[in-house]
Structures are given as C-alpha cells and as structure tokens.
S.K.: 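Please read through the structure below; I'll follow up with questions.
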Amino acid sequence: MTSPTHAEVAALLERAHRIGSDPRNTNYAGGNTSVKAAGHDPVTGGETELLWVKGSGGDLGTLKEEGLAVLRLDRVRALKEVYPGVEHEDEMVAAFDYCLHGKGGAAPSIDTAMHALVEAAHVDHLHPDSGIALACAADGEKLTAECFGDKVAWVGWRRPGFQLGLDIAAVKEAHPQAVGVVLGGHGITAWGETSDECERNALWMIRTAETFLAERGRPEPFGAVLPGRTALSGPERRERAAALAPVIRGLASTDRPQVGHFTDAEPVLDFLSRTEHPRLAALGTSCPDHFLRTKVSPLVLDLPADAPVAEAVERLKTLHAEYREAYRAYYERHAVPGSPGMRGADPAIVLVPGVGMFSFGKDKQTARVAGEFYLNAINVMRGAEAVSTYAPIEESEKFRIEYWELEEAKLRRMPKAKPLATRVALVTGAGSGIGRAIAHRLVAEGACVVVADLNAENAAAVAEDLGGPDRAVAVTVDVTSEEQIAEAFRAAVLAFGGVDLVVNNAGISISKPLLETTARDWDLQHDIMARGSFLVAREAARVMQAQKLGGDIIYIASKNAVFAGPNNIAYSATKADQAHQVRLLAAELGEHGIRVNGINPDGVVRGSGIFAAGWGAQRAATYGIEEEKLGEFYAQRTLLKREVLPEHVANAVFALTGGDLTHTTGLHVPVDAGVAAAFLR
C-alpha cells in the first residue's frame with residue numbers, strides 16, 4: 001500500500017509544476033526545488049526533519065514524487081563537519097547516499113547541498129533567461145544591486161557543489177533581508193518559509209529582472225542588420241533548410257550518429273541577421289545547463305543567406321573541419337591526468353544566417369532540447385548586451401563542467417541505446433496494416449519514424465499512437481507523385497535531420513483474370529508499387545548520399561513476385577518489378593554504403609489494409625472459400641501451417657536493419673510460413 005503524499009511535498013510538486021511549465025522561469029530539466037519538513041521515522045516511531053529535493057536529471061514541469069530525493073536533514077548538515085575542502089568537494093556527492101531516508105527516492109543531484117544548507121523551509125534554484133542575463137553581464141554584481149536593491153544578494157561564480165551550498169547559506173545569513181541570490185554565470189536561487197512565499201519570491205526576482213532589462217536596456221543590443229544575413233522568405237527558408245539538413249547532419253555525425261532538429265524561430269533569425277552575432281556566438285553559452293547541451297560554442301556559417309547551396313555545402317565542410325580542430329585544441333588546453341576522454345568534436349548547434357538553427361543529439365528530444373537551450377542562450381546574450389557586455393564564465397571553467405567526473409558518471413548510468421537509436425525511418429503505407437506494424441516495431445527499437453500514407457487521418461493517428469513528434473511525424477503522400485514524395489522527404493529531414501531507413505510498403509491490389517484486367521488496373525498497380533517504389537528509393541538515395549552515413553532501403557514485395565498464382569497478372573507482375581529493383585539498386589548503391597533488401601510476405605490477412613479494401617473478397621472468391629476463412633486457408637497451404645501477421649513482416653524488417661546483418665544486401669527474405677513454390681532459386 002502506497003503511503004499518502006506528505007502535504008508539504010504535495011505543495012512542493014504543485015509549485016514545481018507551475019514554475020516549470022513557463023519557459024521564462026527555467027529551462028527543460030534545469031533547476032531544482034525543495035522542501036524541509038518533519039516526516040515519520042519508522043525506526044523510532046517519531047518524527048525527523050527530512051529534505052525532499054528534485055533528484056538528478058528530473059524536470060520541474062513534469063516532476064513526480066518518485067523524482068524527489070529524500071534525505072535526513074540532520075545527516076546532510078552533519079557533512080559540514082567532515083567536509084575536506086573545495087579541492088575534494090566532489091567526494092561529498094557519494095556521501096549523500098549515506099543521508100538517504102529509507103530507499104531515498106531519486107538519486108540526489110549535485111545541488112542537494114544548496115537546498116540542505118540554506119536556512120529556509122523552501123528553496124527554488126532556477127535558470128531564467130532574465131536572471132542569467134544579469135549573472136553573465138560584465139558588471140553583474142552592480143546590476144543586481146541596481147535591479148533588486150538589498151532584497152537580492154550576489155554570489156560570484158562557483159561550480160555547483162558543496163562549497164556553493166555553503167557560500168549561499170553564508171550570504172543568506174549575512175543578508176537577512178534578502179529573498180534570494182543571483183549566482184554569477186549560472187542562475188538564481190530564492191527561498192521562503194512557506195511554499196507560496198518561496199514561489200512569490202522566485203517569480204518576483206524573474207519578473208523584476210525582465211522589467212529591468214526591458215526598461216534599462218538599449219535598443220538593438222545585437223547591433224545593426226548585417227547585409228545579406230536577413231531571413232529568407234518562409235518557403236525559401238524551408239527549401240534551403242531541407243537541402244542543407246542531410247549534409248549538416250552527416251557532418252555532425254562524424255564521431256557518432258546524431259538525430260537532428262531544425263527551427264527558424266524569429267529570435268534565432270534576428271540574432272543571425274545582426275552584426276554582433278559572430279562575436280557573441282564565439283563566446284559560447286554560460287549557464288552550465290546550456291553548454292552541457294549545446295557544447296562550448298556553435299558552428300556558424302559565414303556566408304550570405306542567398307549564397308548558392310553548393311557553395312554553402314563546401315563552406316560548411318571547411319568550417320566543420322576547423323571546428324573539430326578547435327574543439328580538440330580546447331580539450332587539450334584544459335585536460336589533466338584523469339580527465340574523461342574527449343567525447344566527440346562535432347558541433348551540437350549549427351547556425352545558418354537567413355535560414356535558422358540545426359541542433360543535434362542522441363535522440364529527437366535531446367536534439368530539440370539542445371536547440372531550446374541555445375534559444376535560451378540567445379535571450380541571455382540579448383539581455384546582457386542590452387544593459388552591459390555579455391561575459392560568460394572562463395573557458396577553463398566550462399571545461400571543468402563539461403568534463404566533470406560527476407557528469408561522466410551520469411553518462412555511464414544511462415541505459416544502453418536501443419539497436420535503432422539515432423536512425424530515422426520513412427515508411428510508406430504506414431497508416432494501416434503491415435506499414436503500421438513496421439512503424440511500431442521501428443519506434444520500439446529506438447528509431448524516429450516518418451509515417452507516410454495517402455490517408456492523412458490514418459497517418460496522423462499512427463504517429464500520435466507512436467508517441468508524437470519526438471518519435472514520429474505524419475506526412476500525407478501519394479507515391480505516384482514526384483512532388484509529394486519530394487515534399488515528404490523535405491518534411492522528414494526538417495523533422496529529424498535526415499533519413500537512414502526507408503521501407504517501400506505502399507500498395508494496392510486488384511485480383512482479376514487476364515481477360516478482365518483493364519489497362520487501368522495494370523497502370524494503377526504499377527504506378528503505385530513499381531513506379532512509386534522507384535520514386536521513393538530515388539529520393540531516399542539522394543538524402544542518404546548527401547548524409548554519407550549509408551542507409552537501408554527495404555522493399556515489401558510478395559511471394560507473388562516468384563509464385564505464379566491464378567487471376568493475379570497485374571499485381572504479381574508489379575511485385576516482380578519491385579523484386580528486381582532490389583537487386584538493381586543493391587548493385588548500384590552499395591558503393592555508398594546503402595543496403596537494399598526485400599521481404600516477400602504471403603497471405604497477411606488480419607490487419608491488412610489491402611485485404612480489407614476488397615482484395616480479401618476477390619482472393620476468397622478465386623479459391624471458392626468464405627472470406628473470413630482466408631487467413632486459415634493460406635496457413636494450411638504452408639509448410640509450417642501458420643498464419644502470417646503484419647508483426648511477422650515487421651520482425652523481418654528489423655532483422656534486416658537492426659545491426660546483425662551489416663554485410664547483407666540484395667537479399668529477399670520470405671515471410672510466408674513456407675510456400676515451396678515460392679522458394680528462391
């Protein structure tokens with residue numbers, strides 16, 4: 001039986017949700033909040049003072065009780081007596097484990113000391129853009145006093161940890177009138193004796209800083225408009241972004257594959273259109289949460305917005321090589337014996353004036369959040385430049401955060417990546433049947449999926465069922481249309497950065513004897529399956545070759561590509577066309593690392609869109625059986641006597657793309673429960 005939530009903890013969670021739901025208050029998974037209150041001690045039967053504080057890696061806006069670390073307050077505060085000094089403060093994090101109350105909930109974060117040592121019942125530590133702007137201004141301490149008077153104190157930059165907790169506690173004690181502090185180069189911390197008071201103080205600090213920056217700040221803090229860097233029109237931006245996205249993703253994946261995200265938000269475009277953007281971008285971000293997500297600085301294309309795409313591509317390649325050299329030099333300048341190894345020298349943020357921002361990460365959410373953090377950084381730069389000069393923390397301090405052993409330990413605790421993590425798949429005909437099953441299997445194995453279907457409503461429903469835009473997006477596409485296919489791939493690369501895995505699954509079937517088969521029957525099936533597969537594969541190859549990351553193209557053909565069944569001339573002929581496309585493209589695309597394979601299913605009745613649309617009734621009539629018994633009929637004619645389901649085809653797609661068959665191309669895999677007449681020879 002679950003214990004009822006402590007009333008103070010319930011208030012803490014409600015406060016966290018209100019604060020965390022507004023991006024003006026803090027960034028995603030940034031900041032933490034806490035409460036100190038009496039709790040039941042099952043050992044003594046009495047009460048003891050406990051600290052509930054957001055655990056490592058949680059997000060305020062979605063925080064749940066299990067996301068809180070629960071510690072004995074007396075034991076945490078007793079650590080002051082054994083604290084060995086700032087040179088050994090990292091050792092204190094392990095000591096938190098000996099302060100947990102019971103199983104303790106979530107893992108305590110590095111900021112636990114700040115919450116425990118400050119003498120206030122409720123504490124909020126946040127990363128608002130307005131607060132960080134003051135924290136990262138050259139004369140931040142002076143501006144903090146001017147903005148808040150004596151109600152907010154200043155604490156100079158110090159890496160998060162036990163010593164920072166001691167520093168803030170000492171400042172609060174020395175300034176009893178203060179309701180919070182600005183942490184140089186970092187953010188803000190506020191407190192109160194009740195949850196409502198703490199929340200009021202935190203929001204007062206944030207809104208007061210916003211008003212101060214707006215009223216005190218100079219206009220156009222990023223400088224005048226830079227000729228040639230103003231935003232292209234919406235359609236031009238989208239076209240240019242789609243052309244550059246696969247190239248940029250390929251460059252950003254030099255060390256390890258990445259998923260991409262694109263935004264052309266107005267603040268990004270404005271920043272990139274101004275004269276000061278090269279200087280400010282080179283300074284990098286400051287708040288630890290920012291540069292842990294965005295790396296020390298972005299890669300910025302230094303060409304006019306309307307430069308030819310080919311010229312932009314070549315310049316990006318040159319700048320990428322220079323970025324990698326500079327990042328390695330940064331690492332070597334600051335690494336000491338025992339530093340974690342360099343994790344990779346590719347940029348996480350790529351800025352293209354007139355077009356927008358490309359951000360990258362191990363999955364879509366990480367890539368999207370990296371872009372959101374850089375947008376936060378732009379807001380911080382704007383605020384700091386409006387009232388002073390943007391002055392982030394020293395590069396050496398950034399390195400100490402980025403290559404902190406505690407951060408490395410957090411990375412080591414991450415679960416092993418799924419087999420298709422970082423891969424982007426586009427599945428045609430994914431709104432129902434086999435395509436839907438394939439999309440579900442690919443997402444389950446870690447891929448991002450573009451659900452492509454002629455039926456927009458079905459595609460949208462599948463994408464939503466798969467988890468929404470961080471996992472799947474829907475596109476409406478008629479595979480007989482070159483324009484719609486090109487648009488589908490544009491949508492894919494703008495959503496996820498590129499495409500690595502394409503499944504040609506869209507199909508239709510009309511079962512008739514030769515003399516009843518019309519030219520329209522023939523043309524329609526060949527247009528959708530043979531011609532459509534060719535068009536999709538051609539567009540896929542363009543994207544994959546631009547990325548230079550290899551790729552997979554899978555054709556869902558049919559056992560009818562081999563087996564000569566009755567009354568099926570148009571369908572079987574077009575499936576044979578698809579089957580030979582597999583061989584032809586495997587031979588042509590192999591030099592680019594693109595593997596092309598096929599799957600030959602048979603008799604997928606249950607859950608099949610084709611069978612539900614009339615094909616089942618036609619085939620049942622051909623064989624002289626009831627339609628509802630068609631699946632059973634197909635099963636009984638196989639060697640294994642088993643019915644083939646959409647999930648079995650999806651399993652074969654994963655088998656070909658999941659990483660074990662890396663040296664296989666040009667293969668057709670039967671998924672027919674054993675049809676001897678369709679054995680490949």
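These values consider heavy atoms only, across backbone and side chains, with no hydrogens, waters or symmetry-generated copies. Everything numeric in this text was worked out from a predicted model, so none of it was measured.
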S.K.: Given side chain to side chain contact (heavy atoms under 4.5 Å, CB included), test Arg274 with Val225 step by step and report yes or no.
M.R.: CA-CA 5 Å; Arg274 302 288 177 163; Val225 171; 3.8 Å; yes

S.K.: Any chance you could lay out the side chain to side chain contact (heavy atoms under 4.5 Å, CB included) test for Leu466 and Val451, step after step, and finish with the verdict?
M.R.: CA-CA 10 Å; Leu466 290 172; Val451 180; 3.9 Å; yes

S.K.: What I'd like to find out is whether the side chain of Val543 reaches to under 4.5 Å of the side chain of Pro246, using heavy atoms alone.
M.R.: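 Result yes, sub-4.5 Å side-chain heavy-atom pair found.
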
S.K.: Is any side-chain N of the basic residue among Glu487 and Arg238 closer than 4.0 Å to the acidic one's carboxylate O?
M.R.: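 A salt bridge links Glu487 with Arg238.
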
S.K.: Where do Val300 and His277 land on the side chain to side chain contact (heavy atoms under 4.5 Å, CB included) test, with the steps shown first?
M.R.: CA-CA 9 Å; Val300 184; His277 86 261; 3.9 Å; yes

S.K.: Measuring from atom CD of Gln547 to atom CZ of Arg249, what distance do you get when rounded to the nearest 0.5 angstrom?
M.R.: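 Rounded to the nearest 0.5 Å, the CD-CZ separation comes out at 4.5 Å.
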
S.K.: For Met529, is there any backbone N or O sitting under 3.5 Å from a side-chain donor or acceptor partner on Gln578?
M.R.: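 Side chain of Gln578 to backbone of Met529: a pair is present.
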
S.K.: May I have the step-by-step check of salt bridge (Lys or Arg N to Asp or Glu O under 4.0 Å) for Glu372 and Arg368, ending in yes or no?
M.R.: CA-CA 6 Å; Glu372 291 172 1; Arg368 174 178 55 78; 2.8 Å; yes

S.K.: Using every non-hydrogen atom in the two residues, find where Val671 and Ala652 come nearest and quote the distance to one decimal.
M.R.: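 Smallest heavy-atom distance, with atoms named: CG2-CB, 3.7 Å.
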
S.K.: Using a 4.5 Å cut-off on heavy atoms from C-beta on, say whether the side chain of Asp602 contacts that of Phe563.
M.R.: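 Heavy-atom side-chain distance check fails, nothing below 4.5 Å.
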
S.K.: Heavy-atom distance under 4.5 Å between the side chains of Asp672 and Pro601, does that happen here?
M.R.: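 Result no, sub-4.5 Å side-chain heavy-atom pair not found.
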
S.K.: Are side-chain heavy atoms of Asp500 and Met544 found at a separation under 4.5 Å?
M.R.: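 The answer is no, as the side chains (C-beta and beyond) never meet within the 4.5 Å cut-off.
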
S.K.: For the pair Arg595 (side chain) and Thr664 (backbone), establish whether a donor and an acceptor sit closer than 3.5 Å, ignoring hydrogens and angles.
M.R.: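 Between the backbone of Thr664 and the side chain of Arg595 there is a qualifying donor-acceptor contact (under 3.5 Å).
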
S.K.: Between Asp255 (side chain) and Ala345 (backbone), is there a donor-acceptor pair under 3.5 Å?
M.R.: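 Side chain of Asp255 to backbone of Ala345, a donor-acceptor pair under 3.5 Å: yes, one is there.
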
S.K.: With a 4.5 Å limit on heavy-atom distance, are the side chains of Ile599 and Tyr555 in contact?
M.R.: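 Contact flag for Ile599/Tyr555 side chains = no.
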
S.K.: Looking at CG of Leu442 and NZ of Lys418, how far apart are the two atoms once the value is rounded to the nearest 0.5 Å?
M.R.: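 Between atom CG of Leu442 and atom NZ of Lys418 there are 12.0 Å.
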
S.K.: Can a side-chain donor-acceptor contact be found between Asp521 and Thr518 if the only test is distance below 3.5 angstrom?
M.R.: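 Yes - a donor-acceptor pair under 3.5 Å links their side chains.
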
S.K.: Between the main-chain N or O of Gln636 and the side-chain N or O of Lys641, is there a donor-acceptor pair closer than 3.5 Å?
M.R.: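 Side chain of Lys641 to backbone of Gln636, a donor-acceptor pair under 3.5 Å: yes, one is there.
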
S.K.: Output the distance between atom CD1 (Ile248) and atom OG (Ser253), rounded to the nearest 0.5 Å.
M.R.: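 Output value for this atom pair is 11.5 Å.
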
S.K.: For the pair Arg423 and Asp552, find out whether any cationic side-chain nitrogen is under 4.0 Å from an anionic carboxylate oxygen.
M.R.: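 Judged by the 4.0 Å cut-off on N to carboxylate O distance, Arg423 and Asp552 do form a salt bridge.
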
S.K.: May I ask you to decide if Leu316's main-chain N or O and His320's side chain share a donor-acceptor pair within less than 3.5 Å?
M.R.: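 Here the side-chain-to-backbone pair does not exist.
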
S.K.: Can you name the nearest heavy-atom pair linking Ala495 to Val473, along with the distance?
M.R.: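 Minimum heavy-atom contact is CB-CG2, 4.1 Å.
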
S.K.: Please find the pair of heavy atoms, one from Arg324 and one from Asp346, that lie closest to each other, and give the distance.
M.R.: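 For Arg324 and Asp346, the tightest heavy-atom pair comes out as NH1-OD1, 2.7 Å.
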
S.K.: Got more than 12 heavy atoms from elsewhere within 6.0 Å of CD, Glu322?
M.R.: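 For Glu322, atom CD is crowded (more than 12 foreign heavy atoms under 6.0 Å).
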
S.K.: Could you check whether any side-chain N or O of Arg531 sits under 3.5 Å from a backbone N or O of Thr480, counting only pairs where one atom can act as donor and the other as acceptor?
M.R.: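 Flag set: sc Arg531 to bb Thr480 pair under 3.5 Å.
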
S.K.: Please round to the nearest 0.5 Å and tell me the distance separating atom NE2 of His261 and atom CG of Asp363.
M.R.: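 Those atoms lie 12.5 Å apart.
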
S.K.: I'd like to know whether CD of Glu588 has more than 12 heavy-atom contacts from other residues, nucleotides or ligands below 6.0 angstrom.
M.R.: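 It does not: Glu588 CD has 12 such atoms or fewer within range.
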
S.K.: Using a 3.5 Å distance criterion without hydrogens, assess whether the side chain of Ser481 forms a donor-acceptor pair with backbone atoms of Val477.
M.R.: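 Looks like no, no N/O pair under 3.5 Å.
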
S.K.: Closer than 4.0 angstrom, basic N to acidic O: yes or no for Glu445 and Arg441?
M.R.: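 Between Arg441 and Glu445 there is a salt bridge, with a charged N closer than 4.0 Å to a carboxylate O.
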
S.K.: Given side chain to side chain contact (heavy atoms under 4.5 Å, CB included), test Leu375 with Thr263 step by step and report yes or no.
M.R.: CA-CA 10 Å; Leu375 183 56; Thr263 179; over 6 Å; no

S.K.: What is the minimum heavy-atom distance between Pro353 and Leu351, and which atoms define it?
M.R.: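 Shortest heavy-atom separation between Pro353 and Leu351 comes out as CD-O, 3.8 Å.
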
S.K.: I'd like to know if the side chain of Thr294 and the backbone of Tyr374 have a donor-acceptor N/O pair within less than 3.5 Å.
M.R.: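 Looks like no, no N/O pair under 3.5 Å.
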
S.K.: Kindly compute the distance separating CD (Gln545) from CG (Leu589), expressed to the nearest 0.5 Å.
M.R.: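 Gln545 atom CD to Leu589 atom CG measures 6.5 Å (nearest 0.5 Å).
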
S.K.: Salt bridge between Arg237 and Asp264, side-chain N to carboxylate O under 4.0 Å?
M.R.: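 Yes.
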
S.K.: Just so I know, are the side chains of Arg538 and Glu482 near enough to count as touching, which here means a heavy-atom distance under 4.5 Å?
M.R.: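 Of all side-chain heavy-atom pairs linking Glu482 with Arg538, at least one is under 4.5 Å.
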
S.K.: Taking all non-hydrogen atoms of both residues, which atom of Cys448 and which atom of Val259 are closest, and how far apart?
M.R.: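 So the minimum-distance heavy-atom pair works out to SG-CG1, 4.2 Å.
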
S.K.: Any donor-acceptor pair under 3.5 Å linking the side-chain atoms of Asp577 with those of Gln581?
M.R.: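 Their side chains do contain a donor-acceptor pair, which is all the 3.5 Å distance test asks for.
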
S.K.: Kindly indicate whether the side chain of Glu266, heavy atoms from C-beta on, has any atom under 4.5 Å from the side chain of Leu269.
M.R.: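 Glu266 does not reach Leu269 side chain to side chain.
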
S.K.: Quick one: are Val462 and Asp465 in side-chain contact, heavy atoms under 4.5 Å?
M.R.: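 Answer no - side chains too far apart.
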
S.K.: Using every non-hydrogen atom in the two residues, find where Arg229 and Asp302 come nearest and quote the distance to one decimal.
M.R.: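 What the structure gives for the nearest pair is NH2-O, 3.2 Å.
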
S.K.: Distance check, rounded to the nearest 0.5 Å: Ser297 atom OG versus Lys295 atom NZ?
M.R.: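 Between atom OG of Ser297 and atom NZ of Lys295 there are 9.5 Å.
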
S.K.: Any donor and acceptor pair, going by atom type alone, linking the side chain of Thr574 with main-chain N or O of Tyr571 inside 3.5 Å?
M.R.: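 No, the answer is negative, given that no donor and acceptor are paired below the 3.5 Å cut-off.
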
S.K.: For Thr428 and Ala506, indicate whether the former's side chain and the latter's backbone hold a donor-acceptor pair under 3.5 Å.
M.R.: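 Side chain of Thr428 to backbone of Ala506, a donor-acceptor pair under 3.5 Å: yes, one is there.
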
